[in-house]
Amino acid sequence: MSANLPTRFTNKEAARKHLEAIQWPDGPVCPHCGVLDRSSRIAGGRPGLLFCNACRKQYSVTVGTVFERSKVPLHTWLYCNHLLCSSKKGISSHQLARMLGVTYKTAWFMAHRIREAMAVNPKSEPPLGGDGFVVEADETYIGKKDGPKGRKHQSAGGYAHKRTVLSLVERGGRIRSFKLGGNTGAEIHAAIRTTVDRASTLHTDGAQVYKFVFPKGQHESVDHSKEFVREGKSEKVHTNTLEGFFSVFKRGMVGTYQHCGEQHLQRYLAEFDFRANHRVKLGFDDAARADIALQGINGKRLTYRRSHQA
């Protein structure tokens with residue numbers, strides 16, 4: 001690692017203190033019983049090990065997080081997290097392995113655990129949009145569907161052989177993306193109804209699947225065979241925000257990651273969503289973005305076997 005890197009990326013003790021400050025701003029919280037500030041440092045124990053005086057169990061800042069039981073040094077984890085958060089189109093596992101000094105398999109698993117930390121819990125997130133807000137909805141297609149026993153799905157043509165991705169964005173704000181399965185129309189309707197505030201105005205392209213999702217007067221569309229932007233009732237009607245997001249996403253998936261199994265696609269979407277939701281235009285720099293990702297590591301254990309499952 002470069003000698004010019006911040007200390008938290010080169011020193012285990014500095015990395016631990018940085019993570020503790022993020023995870024425990026009001027003092028240590030026991031992951032076993034949830035009691036705040038009833039713990040003490042264990043004399044002679046390894047650095048960072050605490051003893052909970054409430055439940056009588058030991059723990060450290062990594063217990064109950066995606067970093068738990070990892071043999072990779074904590075400062076290497078923080079550097080990996082920073083690289084993934086600051087690379088607009090992603091960073092390959094081979095490049096991570098070279099920069100971190102770990103094996104390709106380790107780098108691949110580390111990246112997936114960090115993507116798991118970036119993913120949001122839909123039930124804890126407020127809906128997109130609201131009264132006076134515009135939400136854009138659009139789909140894109142990428143890669144090839146995985147057929148039975150790993151065989152590639154055969155199709156007569158069109159987009160049927162590709163994986164479908166739906167993205168919803170509050171214009172000027174947050175974005176949420178979904179990997180769709182077989183029943184695309186039903187999944188699109190369900191995603192919009194559960195993710196978008198019903199008081200919003202929905203902007204889409206001319207696809208028939210978006211008709212009747214929102215009440216008449218709250219849905220405006222633009223016919224891309226004729227134009228890409230048109231004047232609407234209050235704002236210009238377009239899906240250009242999502243077109244820009246899809247451009248970055250596809251450049252990352254084709255140019256950086258190149259090969260993505262269908263079971264991993266939702267985690268990659270979470271990564272690109274996370275960077276878009278914490279972009280510079282919204283007031284986040286690379287350091288702030290990395291720290292926010294570290295706030296999401298709790299309660300998201302990901303084993304190597306489960307990382308290969310859908």
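- Under the 3.5 Å distance criterion, the side-chain polar atoms of R113 are left unmatched by any main-chain donor or acceptor of M110.
- Below 30°, between 30° and 60°, or above 60°: for F245 and F249 the angle between ring planes is below 30°, a parallel geometry.
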- List the steps and the verdict of salt bridge (charged side-chain N to carboxylate O under 4.0 Å, His left out) for E20 and R41. CA-CA 13 Å; E20 287 180 349; R41 302 283 177 183; 3.3 Å; yes
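- E68 is linked by a salt bridge (Lys or Arg N to Asp or Glu O under 4.0 Å) to R301, counting only residues two or more places apart in sequence or in another chain.
- In this structure S93 satisfies the side chain to side chain donor-acceptor pair (under 3.5 Å) test with no other residue, sequence neighbours excluded.
- A donor-acceptor contact closer than 3.5 angstrom is absent between the side chains of T201 and H219.
- Qualifying salt bridge (Lys or Arg N to Asp or Glu O under 4.0 Å) partners for R174, counting only residues two or more places apart in sequence or in other chains: E125, E170.
- Using modelled atom types, one finds no donor on one side chain facing an acceptor on the other under 3.5 Å when comparing Y79 with T10.
- Annotation: salt bridge (Lys or Arg N to Asp or Glu O under 4.0 Å) contacts involving residues 70-93, sequence neighbours excluded, are absent.
- Ion pairing between R115 and E271 holds under the 4.0 Å rule for side-chain N and carboxylate O.
- The salt bridge (Lys or Arg N to Asp or Glu O under 4.0 Å) check on D197 picks up nothing, with sequence neighbours excluded.
- For H82, the side chain to side chain donor-acceptor pair (under 3.5 Å) criterion is met by no residue, not counting sequence neighbours.
- Environment of CZ in R98: crowded, with over 12 heavy atoms of neighbouring residues, nucleotides or ligands closer than 6.0 Å.
- Contact of the Y210 side chain with the I192 side chain is registered, since non-hydrogen atoms from C-beta on lie closer than 4.5 Å.
- With a 6.0 Å cutoff to the six-membered ring centre and a 45° limit on the axis angle, R171 does not count as a cation-pi contact of F133.
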